[in-house]
Novice: 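Attaching a single structure in structure tokens format; questions to follow.
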Amino acid sequence: MALRSSNKKIERDGSTVSLWQAVTKESSKKVLPDTDAIYDVAIVGAGITGITLALLLQKAGLQCLLLEGHKIGFGTTSGTSAHLNTFFDATYPEIESDFGAEAAKLVAKAGKEAMAMIKEFVAMYQIDCDWETKNGFLFSQTDEETEQLAKILQASQNAGVAVTEAETNGLPIEFQHALLFKGQAQFHPVKYILELAREFREQGGKIIENTFVCDAELKDDIYSINAGKNIVRSRKLVCATHIPPGVNLLSFRCAPYRSYVLGIKLAKGAIYPDCLSYDMQEPYHYFRTHVIDGEKYLILGGEDHKTGHGDPEMAFGNLEKYAKANFKVSTIPYRWSAQYYVPVDGLPYIGKMPFGDEQTFIATGFNGNGMIFGTLSAKIIADLILGKENEYATLFDPARIKPIAGFSEFVKENADVAYHFFADRLSADRIATLKELKPGEGRIVELEGKKLAIHRSVKDEITTLNPVCTHAGCIVNFNAVEQSWDCPCHGGRFDLKGKVISGPPQKDLDSLKLS
């Protein structure tokens, strides 16, 4: 069934609205899990990773259950900028240096295979998701960046990537040097995954939405999964939730970040870029164009920072200033942010849960390349579950040990976690009355001798929560843009009532009462 635009927007994990949300999916009856059945595989998380994996396994003859704590596409898949690349945030010189030349070739091959998988699904199921093949440009603006660009060119070519020097960067922005990566692509991510979900159902798969998985217990090779008000059972369990729930090794090997995106209408007569393009600033900016209901939008992203750090309002302000300095901006109808996780050694973690059991699988650490690595994860994990050899499995194994690659990042990120664990306990605003809070404001305060996370709504409703994150005990911070409480340590996010939105926490923030 074709998807259509609508004034009703699908839900996502924040109060800002992305360019992808104005679609409706075909109506379906509420589905309940079969508590008597033992599924072959239970997959938690209905983003691009979980849905692609569920479809692959269901087509292979396994009976799969897909569990989603909110709605399909609630997480990063509906907040991505939907660039599809054969080059990644971890550059080929970095991969070659840390993992070796053969590993760089494998990563390049894996990227091409994931891109081909998406294209094949689009054609096979005739998905109307605005798939387009594009040229991709990476450009430098300083001498230091140009030197780095030369290394990227050489290492990318060594890895087998189609890249050449270019005379343009595809943008009205000055540059020193540019590279052209051929055969890149873009699409509408929500339209894509909704059609994959429809096909999964038609293949006999079952999707249960609005069902938060609290925990799972393995006994006699069968998982008992606490899914909302029900217990469901499966032989294998996959966490396609960006970061595995609970405190585990991956909590310390992945750092949570947020990226900011604008959907911009340019002035009449202005030319929209017909490519994908990226600068080399830190953090970098990324650009492309998408057409929604016949209207063109420039998609511009950047200003990334760690979750729970920085100032989201300032990030959007800086991005808007950058847009107006470089483009003829008419209006900015869309602005949104999304979360991703950066692996300490540069490559994602895909496969069996380290120090877990043989039946638990995870996929995380996609950096800013979630659409490609999410698709690749589905293929790798499907092969592992089906007992097939996969040439990429060892390279992306979550249990890999790299004492040099990523060690400094591991130390830096976890030192930052330790700092916030202790320092944030000593800081809080002291207020005498709740009237000091502005409507729509949230703050960590000390009141009546207690440290509280307090929010005052525009309707003057007061919500008070325990500010201690239920994951690892850090103190949350208020995100005024997304109207959420975000943990600066491991990226757990909670709504204004304290309910888990995303990240590794398995329990909500405690609600507190004031006298």
Side-chain angles (χ1 to χ4, degrees), residues 3 5 12 18-23 47-49 51-52 73 76-89 111-139 161-163 166 168-171 173 178-196 259-266 271-279 284-302 323 327 333-334 336 338 340 366-376:
L3 297 167
S5 295
R12 63 178 296 267
S18 81
L19 195 61
W20 320 121
Q21 289 177 253
V23 297
I48 193 170
T49 305
I51 291 175
T52 307
T76 300
T77 301
S78 65
T80 177
S81 60
H83 291 237
L84 302 175
N85 310 108
T86 56
F87 66 97
F88 308 106
D89 285 5
K112 293 175 188 175
E113 183 173 324
M115 182 98 71
M117 277 182 63
I118 296 173
K119 186 176 181 180
E120 183 180 352
F121 276 137
V122 170
M124 183 185 304
Y125 301 122
Q126 298 182 323
I127 303 176
D128 179 15
C129 64
D130 312 332
W131 167 276
E132 290 185 84
T133 301
K134 296 287 184 181
N135 286 329
F137 295 97
L138 178 66
F139 63 93
V161 176
V163 55
T168 179
N169 64 356
L171 301 171
I173 296 177
L179 301 181
L180 165 61
F181 291 83
K182 297 181 180 178
Q184 311 303 288
Q186 63 183 47
F187 69 160
H188 190 302
V190 172
K191 288 182 178 180
Y192 176 74
I193 65 167
L194 288 178
E195 284 299 297
L196 291 192
S259 191
Y260 297 83
V261 191
L262 302 178
I264 302 168
K265 293 289 295 177
L266 297 182
I271 298 175
Y272 289 80
D274 188 28
C275 62
L276 312 180
S277 197
Y278 314 80
D279 68 20
Y284 68 88
H285 297 93
Y286 44 96
F287 315 78
R288 77 174 183 88
T289 300
H290 203 97
V291 179
I292 301 288
D293 292 336
E295 295 286 334
K296 284 186 177 181
Y297 295 89
L298 168 66
I299 297 175
L300 166 63
F327 297 91
Y334 293 92
W336 71 93
Y340 64 94
F366 297 162
N367 215 316
N369 310 113
M371 299 297 98
I372 290 294
F373 283 134
T375 302
L376 178 67

Novice: With sequence neighbours excluded, what pairs up with Ser259 under the side-chain contact (heavy atoms from CB on, under 4.5 Å) test?
Specialist: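 Once residues adjacent in sequence are excluded, the partners of Ser259 under the side-chain contact (heavy atoms from CB on, under 4.5 Å) criterion are Tyr286, Asp304, Tyr340.
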Novice: Listed by chain and number, what are the side-chain hydrogen bond (donor to acceptor under 3.5 Å, both in side chains) partners of Asn367, not counting sequence neighbours?
Specialist: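 Here no residue qualifies.
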Novice: Give a yes or no answer on whether the side chain of Asn369 reaches the backbone of Asp89 with a donor-acceptor pair at less than 3.5 Å.
Specialist: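 Yes.
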Novice: Going from OG1 on Thr52 to OH on Tyr192, what distance comes out if it is rounded to the nearest 0.5 angstrom?
Specialist: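 If we round to the nearest 0.5 Å, Thr52:OG1 and Tyr192:OH are 5.0 Å apart.
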Novice: Any side-chain to backbone donor/acceptor pair from Gln21 onto Val190? Under 3.5 Å, distance only.
Specialist: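 Side chain of Gln21 to backbone of Val190, a donor-acceptor pair under 3.5 Å: no, none is there.
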Novice: List the residues meeting side-chain contact (heavy atoms from CB on, under 4.5 Å) with Thr76, not counting sequence neighbours, and say none if there are none.
Specialist: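 If we apply the side-chain contact (heavy atoms from CB on, under 4.5 Å) test to Thr76, skipping adjacent residues, the hits are His242, Ala338, Gln339.
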Novice: According to ring-ring contact (aromatic ring centres under 6.0 Å, His included), who are the partners of Tyr278, at least two apart in sequence or on a separate chain?
Specialist: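 If we apply the ring-ring contact (aromatic ring centres under 6.0 Å, His included) test to Tyr278, skipping adjacent residues, the hits are His83, Phe87.
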Novice: So, taking the atom named CG in Leu262 and the one named CG in Leu19, what distance separates them when rounded to the nearest 0.5 Å?
Specialist: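 Atom-to-atom, Leu262:CG and Leu19:CG are 11.0 Å apart.
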Novice: Considering all heavy atoms of both residues, which atom of Thr80 and which atom of Trp20 are nearest to each other, and what is their separation?
Specialist: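 Minimum heavy-atom separation between Thr80 and Trp20: O-NE1, 2.7 Å.
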Novice: If I take atom CG from residue Leu84 and atom CE from residue Met371, how far apart are they, to the nearest 0.5 angstrom?
Specialist: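 Taking CG in Leu84 and CE in Met371, the distance rounds to 8.0 Å.
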Novice: Determine the minimum heavy-atom distance between Gly263 and Pro333, stating which atoms define it.
Specialist: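 Result for this residue pair: O-CD, 3.0 Å.
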Novice: For Ile173 and Asp279, run side-chain contact (heavy atoms from CB on, under 4.5 Å): C-alpha distance rounded to whole Å, both residues' side-chain angles, the deciding distance at 0.1 Å, then the answer.
Specialist: CA-CA 10 Å; Ile173 296 177; Asp279 68 20; over 6 Å; no
Novice: Applying side-chain contact (heavy atoms from CB on, under 4.5 Å), run through Val122 and Cys129 and close with a yes or a no.
Specialist: CA-CA 8 Å; Val122 170; Cys129 64; 3.7 Å; yes
Novice: Enter the distance from Met115:CE to Gln184:CD here, rounded to the nearest 0.5 Å.
Specialist: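 Atom-to-atom, Met115:CE and Gln184:CD are 5.0 Å apart.
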Novice: Of the non-hydrogen atoms in Ile372 and Asn85, which two are nearest, and what is the gap between them?
Specialist: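 Ile372 and Asn85 have their closest heavy atoms at CG1-O, 3.6 Å.
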Novice: What residues, two or more places apart in sequence or in another chain, satisfy side-chain contact (heavy atoms from CB on, under 4.5 Å) together with Glu295?
Specialist: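 By the side-chain contact (heavy atoms from CB on, under 4.5 Å) rule, Glu295 matches Lys265, Tyr297.
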Novice: So which heavy atom on Arg288 is nearest to which on Ser81, and how close?
Specialist: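 Answer, listing the atom of Arg288 first, then Ser81: NE-O, 2.8 Å.
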Novice: Once salt bridge (charged side-chain N to carboxylate O under 4.0 Å, His left out) is applied, do any residues pair with Lys134, and if so which ones, sequence neighbours excluded?
Specialist: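 Checked Lys134 against salt bridge (charged side-chain N to carboxylate O under 4.0 Å, His left out); matches are Glu132, Asp274.
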Novice: Taking only residues two or more places apart in sequence, or in another chain, which ones meet Ala178 in a side-chain contact (heavy atoms from CB on, under 4.5 Å)?
Specialist: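 Partners of Ala178 by the side-chain contact (heavy atoms from CB on, under 4.5 Å) criterion, ordered by chain and then number, come out as Phe139, Ala166, Asn169, Phe175.
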Novice: Let's go through Thr49 and Phe373 carefully: what are the C-alpha distance in whole Å and the side-chain angles of both, what is the deciding distance for side-chain contact (heavy atoms from CB on, under 4.5 Å) to 0.1 Å, and is it a yes or a no?
Specialist: CA-CA 8 Å; Thr49 305; Phe373 283 134; over 6 Å; no
Novice: Under the salt bridge (charged side-chain N to carboxylate O under 4.0 Å, His left out) test, which residues partner Glu113, sequence neighbours left out?
Specialist: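 Expected list: none.
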Novice: Quick one: does Thr375's side chain have a donor or acceptor within less than 3.5 Å of a partner on Ala114's backbone?
Specialist: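 Looks like no, no N/O pair under 3.5 Å.
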Novice: Apply ring-ring contact (aromatic ring centres under 6.0 Å, His included) to Tyr260 and list each qualifying residue two or more places apart in sequence or on a separate chain.
Specialist: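 Result, ring-ring contact (aromatic ring centres under 6.0 Å, His included) vs Tyr260: His305, Phe316.
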Novice: Kindly indicate, with the supporting measurements, whether the criterion side-chain contact (heavy atoms from CB on, under 4.5 Å) is fulfilled by Leu298 and Phe327.
Specialist: CA-CA 10 Å; Leu298 168 66; Phe327 297 91; 3.8 Å; yes
Novice: Considering residues at least two apart in sequence or located in another chain, which fulfil the side-chain hydrogen bond (donor to acceptor under 3.5 Å, both in side chains) criterion with Asp130?
Specialist: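 Only His290 meet the side-chain hydrogen bond (donor to acceptor under 3.5 Å, both in side chains) criterion with Asp130.
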Novice: So, for Arg12 and Gly79, which heavy atoms are closest and what is the spacing to 0.1 Å?
Specialist: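 Closest pair (atom of Arg12, atom of Gly79, distance): NH2-CA, 3.8 Å.
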Novice: Test your reading of the model: is there a side-chain donor-acceptor pair from Gln186 to the backbone of Ala82, 3.5 Å cut-off?
Specialist: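 The answer is no, because no donor-acceptor pair under 3.5 Å joins these two groups.
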Novice: For Phe121, give me all partners under ring-ring contact (aromatic ring centres under 6.0 Å, His included), at least two apart in sequence or on another chain.
Specialist: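 Counting only residues at least two positions away or on another chain, Phe121 forms a ring-ring contact (aromatic ring centres under 6.0 Å, His included) with Tyr125.
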Novice: Mind listing the closest non-hydrogen atom pair of Ile264 and Ala323 along with its distance?
Specialist: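 Taking every non-hydrogen atom into account, CD1-CB, 3.7 Å.
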Novice: Looking at CE of Met124 and CG of Leu196, how far apart are the two atoms once the value is rounded to the nearest 0.5 Å?
Specialist: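 That separation rounds to 10.0 Å.
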Novice: Check for a donor-acceptor pair, side chain of Asn135 on one end and backbone N or O of Cys275 on the other, with a separation under 3.5 Å.
Specialist: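 Judged by distance alone, no pair lies under 3.5 Å.
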Novice: May I ask you to decide if Lys119's main-chain N or O and Trp131's side chain share a donor-acceptor pair within less than 3.5 Å?
Specialist: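 No, the answer is negative, given that no donor and acceptor are paired below the 3.5 Å cut-off.
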Novice: I'd like to know whether NZ of Lys112 has more than 12 heavy-atom contacts from other residues, nucleotides or ligands below 6.0 angstrom.
Specialist: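 Yes, the 6.0 Å shell around NZ holds more than 12 heavy atoms from other groups.
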Novice: Is a donor on one side and an acceptor on the other found under 3.5 Å between the side chain of Thr77 and the backbone of Gly73?
Specialist: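 Judged by distance alone, no pair lies under 3.5 Å.
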Novice: Enter the distance from Ile271:CD1 to Leu171:CG here, rounded to the nearest 0.5 Å.
Specialist: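 CG of Leu171 is found 12.0 Å from CD1 of Ile271.
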Novice: Mind checking what makes side-chain hydrogen bond (donor to acceptor under 3.5 Å, both in side chains) contact with His188, not counting sequence neighbours?
Specialist: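 Per chain and number, His188 pairs via side-chain hydrogen bond (donor to acceptor under 3.5 Å, both in side chains) with no residue.
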